[in-house]
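To keep things clear, I will list the structure first and then write my remarks on it.
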Amino acid sequence: MPFQISKAVIPAAGLGTRFLPATKAMPKEMLPVVDKPAIQYVVEEAVAAGLTDVLMITGRNKNALENHFDRNGELEATLTRKGDTDKLDKVNFSTNLADMHYVRQGDPLGLGHAVLRAKMHVGREPFAVLLGDDIIDERDVLLSRMIEVQGQRNASVVALLEVDPEQAHLYGVATVEATEEEDVVRITGLVEKPAPGTAPSNLAVIGRYVLKPEVFDVLEKTAPGKGGEIQLTDALETMAIAPDWTGGVYGVVFRGRRYDTGDRLDYIKAIIQLAVDRDDLGPDLTPWLKDFAAKLD
Ligand code: UTP
């Protein structure tokens with residue numbers, strides 16, 4: 001029987017400089033996507049995949065993140081008094097979503113460094129990492145498939161997305177070999193943000209990982225890489241080329257909808273795409289959007 005994964009780690013300690021000044025006093029993971037902060041979509045996704053123990057890696061301004069998943073007595077009392085159960089349910093939903101834990105990263109020394117901060121909490125078991133600014137559409141399956149592949153292959157697993165070759169330099173990019181499963185590849189190399197035109201493929205690593213605890217051993221020895229940061233991609237590259245003791249790294253190729261809320265343009269697109277599909281907003285938004293687009297020319 002494969003190990004039953006129950007822990008999710010959500011790094012949310014980046015500075016979010018692409019969103020300044022909005023992120024001067026607020027983590028970018030708290031930016032609303034329609035009417036929910038981005039981070040709530042991510043926690044909901046973890047819970048939907050059976051991961052109810054959530055460790056968030058936070059940095060400065062962590063209060064807003066903690067408060068969002070905690071009770072708000074004043075708001076609850078006011079809504080109860082007014083008998084507004086609809087809004088009360090919305091407030092209580094995020095409070096009761098998961099068993100939340102928090103650890104501070106200290107200095108934002110990179111995603112690899114943030115993940116290493118989870119070592120004590122996770123222990124020696126496989127765990128998932130979900131980036132707090134990456135949203136996977138709840139109608140598409142990704143994390144549960146990655147957990148399944150991790151159990152079957154006893155390896156670490158990353159999510160891969162086919163991107164436009166012109167965009168590859170913005171991601172970690174994988175060199176891969178096919179497997180007998182159409183959506184699974186074996187990763188033989190990884191490079192973080194390759195110089196334009198040098199990417200080994202158009203398969204980019206996106207913000208979902210299911211990792212074996214050996215990643216902590218590797219991260220402890222990983223020197224700062226691109227941008228002077230300790231890169232998770234560099235640790236995964238080490239694991240990919242040493243499968244004998246790390247179990248190796250596989251990729252699940254995701255063909256569903258993903259929204260990068262850490263990027264301003266993608267953030268705006270995400271809001272529009274998700275709002276159009278909503279029963280309460282779509283019917284009014286869609287005709288307005290068509291009219292607006294028609295007038296642009
Ligand atoms: P990004 O590189 O997208 O985040 O990291 P950033 O550094 O906040 O972004 P910009 O470029 O300044 O706008 C991806 C994820 O890793 C987390 C971020 O919070 C984000 O969810 N992260 C990054 C950390 O937790 N710690 C770090 O040191 C770096």
Side-chain angles (χ1 to χ4, degrees), residues 8-33 36-46 54-66 68-69 100-119 121-122 127-136 143 158-161 163 167-173 190-194 204-209 211 215-216 219-220 222-236 258-268 270:
V9 173
I10 304 185
L15 296 178
T17 55
R18 282 168 289 171
F19 262 101
L20 283 170
T23 49
K24 186 179 171 194
M26 181 182 76
K28 68 173 165 182
E29 290 81 3
M30 282 303 294
L31 289 170
V33 179
K36 262 195 295 195
I39 195 78
Q40 187 175 328
Y41 290 85
V42 178
V43 175
E44 284 178 17
E45 182 193 338
V54 175
L55 175 71
M56 209 169 279
I57 316 294
T58 63
R60 62 192 180 99
N61 310 323
K62 77 164 185 169
N63 292 354
L65 285 164
E66 269 198 29
H68 185 71
F69 295 99
M100 303 295 299
H101 306 267
Y102 302 89
V103 62
R104 285 212 185 206
Q105 187 180 357
D107 291 320
L109 300 179
L111 178 57
H113 180 258
V115 171
L116 187 53
R117 298 289 290 128
K119 183 181 169 183
H121 183 86
V122 167
F127 64 105
V129 174
L130 296 86
L131 297 195
D133 57 356
D134 235 348
I135 294 179
I136 299 297
L143 193 54
V158 304
L160 296 173
L161 186 74
V163 296
Q167 300 288 308
H169 67 280
L170 301 171
Y171 296 87
V173 181
L190 278 164
V191 51
E192 180 64 22
K193 298 192 176 71
V205 179
I206 56 169
R208 297 294 179 270
Y209 311 78
L211 303 175
V215 72
F216 297 127
L219 279 169
E220 275 169 344
T222 301
K226 266 274 149 64
E229 297 190 344
I230 298 174
Q231 298 286 355
L232 182 59
T233 308
D234 292 346
L236 291 170
R258 172 238 179 196
Y259 314 100
D260 175 6
T261 65
D263 175 80
R264 286 175 304 167
L265 184 60
D266 282 348
Y267 172 75
I268 294 166

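Only this structure's heavy atoms are used, side chains among them; waters, hydrogens and symmetry mates stay out. Every number for a ligand or one of its atoms is a count from 1 in the order of the listing. Given the structure is predicted, the values throughout are model-derived calculations rather than measurements.
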Within 6.0 angstrom of Arg104 CZ, more than 12 heavy atoms from elsewhere: yes

Side-chain touch Pro27/Thr58, heavy atoms, less than 4.5 angstrom: no

Tyr41 side-chain N/O to Val33 backbone N/O, donor-acceptor pair under 3.5 Å: yes

All pairs passing side chain to side chain donor-acceptor pair (under 3.5 Å) where residues 106-117 contributes a residue, at least two apart: Gln105-His113

Between CD1 on residue Ile136 and CZ on residue Arg208, distance to nearest 0.5 Å: 5.0 Å

Lys226 side chain vs Lys193 backbone, donor-acceptor pair below 3.5 Å: yes

Residue shell around ligand 1, heavy atom under 4.0 angstrom: Pro11, Ala12, Ala13, Gly14, Leu15, Gly16, Thr17, Arg18, Lys28, Glu29, Gln105, Pro108, Leu109, Gly110, Leu111, Ala114, Leu131, Gly132, Asp133

